[in-house]
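All values below were derived from every heavy atom in this structure, side-chain atoms included, with hydrogens, water molecules and symmetry-related copies excluded.
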Amino acid sequence: MSGPLFGVVPTGQPLITEPASTPSPTSFLYTLPTTRAFSHIVVFLLPGVVLPDNTAAAIYLATAQNVAAATQSGTAPNFRFLGAIGPGKESAIFHVGSATSQTEGGTTEGLVVGVEVESADAVAPRLHELAASKSGSATGSASSQPSAAVLAQRIIQNAFNFLASFSGTAGPGGVEVVPLKAFEDWWRKFESRIRSDPSFLEKKQSD
């Protein structure tokens with residue numbers, strides 16, 4: 001495999017087609033620019049490029065510091081698997097925000113994208129694992145958030161617990177009433193608590 005094969009575009013940055021290094025005929029490392037922060041990259045097959053049959057291009061990410069240290073020590077860099085492209089999916093967008101950070105000099109932490117042409121059979125299980133991991137994370141995040149109905153119940157319960165001590169009776173038959181001032185006091189207290197701890201309603205309330 002010769003000549004530029006892949007294009008890499010960090011959001012808001014120029015297209016990169018020439019790898020910084022080629023550890024093997026099927027491995028390509030692209031050093032990303034550090035002039036501005038970015039959160040996503042696009043990786044795609046250049047026009048006219050066709051991968052060998054039953055192969056896919058696995059996409060990896062590592063920090064430049066990690067790659068440099070591994071090179072000096074003669075060990076393998078610690079790359080994170082992002083996904084893959086290939087026949088039927090010639091391009092993909094990958095989120096790399098968790099691996100970028102603003103430095104004191106106003107630049108981003110150096111990143112290296114690795115592209116490895118591998119057997120499609122070897123890449124497929126990792127794609128399934130990645131999809132399952134993302135699905136599990138999304139499910140866990142969603143399940144940890146109380147529904148709107150639960151939040152409404154907690155607001156009502158909070159108000160009831162506060163106002164109960166102010167209730168009294170008035171008129172024929174002793175109708176139970178709560179002074180309007182008590183409700184206003186509860187609302188001020190509720191607003192203050194929301195400002196100081198916006199997530200308090202997401203926790204089980206004991207009072």
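- Within the 4.5 Å cutoff, the side chain of H128 has no heavy atoms near those of the L130 side chain.
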Output side-chain donor-acceptor pairs under 3.5 Å for residues 44-57, partner residues at least two apart or in another chain, one line each.
residue: T55; atom: OG1; partner: P52; partner atom: O; Å: 2.6

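- Closest heavy-atom contact between G83 and F94: CA-CE2, 3.8 Å.
- Side-chain N or O atoms of N66 include one that pairs as donor or acceptor with a backbone N or O of N78 at under 3.5 Å.
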For this session: Begin from the C-alpha positions of I41 and Q13 and carry the test side-chain contact (heavy atoms from CB on, under 4.5 Å) through to its verdict.
Result: CA-CA 9 Å; I41 60 171; Q13 306 281 351; over 6 Å; no
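- Looking only at side-chain heavy atoms (C-beta outward), T22 and L29 stay at 4.5 Å or farther from each other.
- Within a 6.0 Å radius of CG in L15, more than 12 heavy atoms belonging to other residues, nucleotides or ligands are found.
- Atom CZ of F79 is separated from atom CG of L61 by 8.0 Å, given to the nearest 0.5 angstrom.
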Please tabulate, one pair per line, all N/O donor-acceptor pairs under 3.5 Å involving side-chain atoms of residues 110-125, not counting sequence neighbours.
residue: E116; atom: OE1; partner: S27; partner atom: OG; Å: 2.1
residue: E116; atom: OE2; partner: T26; partner atom: OG1; Å: 3.4
residue: E116; atom: OE2; partner: S27; partner atom: OG; Å: 3.2
residue: E118; atom: OE1; partner: R126; partner atom: NH2; Å: 2.4
residue: E118; atom: OE2; partner: Y60; partner atom: OH; Å: 2.6
residue: S119; atom: OG; partner: D121; partner atom: N; Å: 3.2

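- Contact between V96 and H40 at its shortest, heavy atoms only, is CG2-N, 4.1 Å.
- Counting only distance, with no hydrogens or angles, the side chain of E18 and the backbone of I16 share no donor-acceptor pair below 3.5 Å.
- Nearest heavy-atom pair across V67 and A62 is CG2-CB, 3.9 Å.
- Of all heavy-atom pairs between S39 and T11, the closest is N-OG1, 3.8 Å.
- Here the shortest heavy-atom pairing between P19 and T17 reads CD-O, 3.5 Å.
- Nearest approach of A84 to A58, heavy atoms of both residues: CB-CA, 4.1 Å.
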For this session: Take I85 and F6 through the test side-chain contact (heavy atoms from CB on, under 4.5 Å) and record every step on the way to the result.
Result: CA-CA 10 Å; I85 59 174; F6 306 98; 4.1 Å; yes
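- Using a 4.0 Å cut-off between charged side-chain N and carboxylate O, D185 and K189 make no salt bridge.
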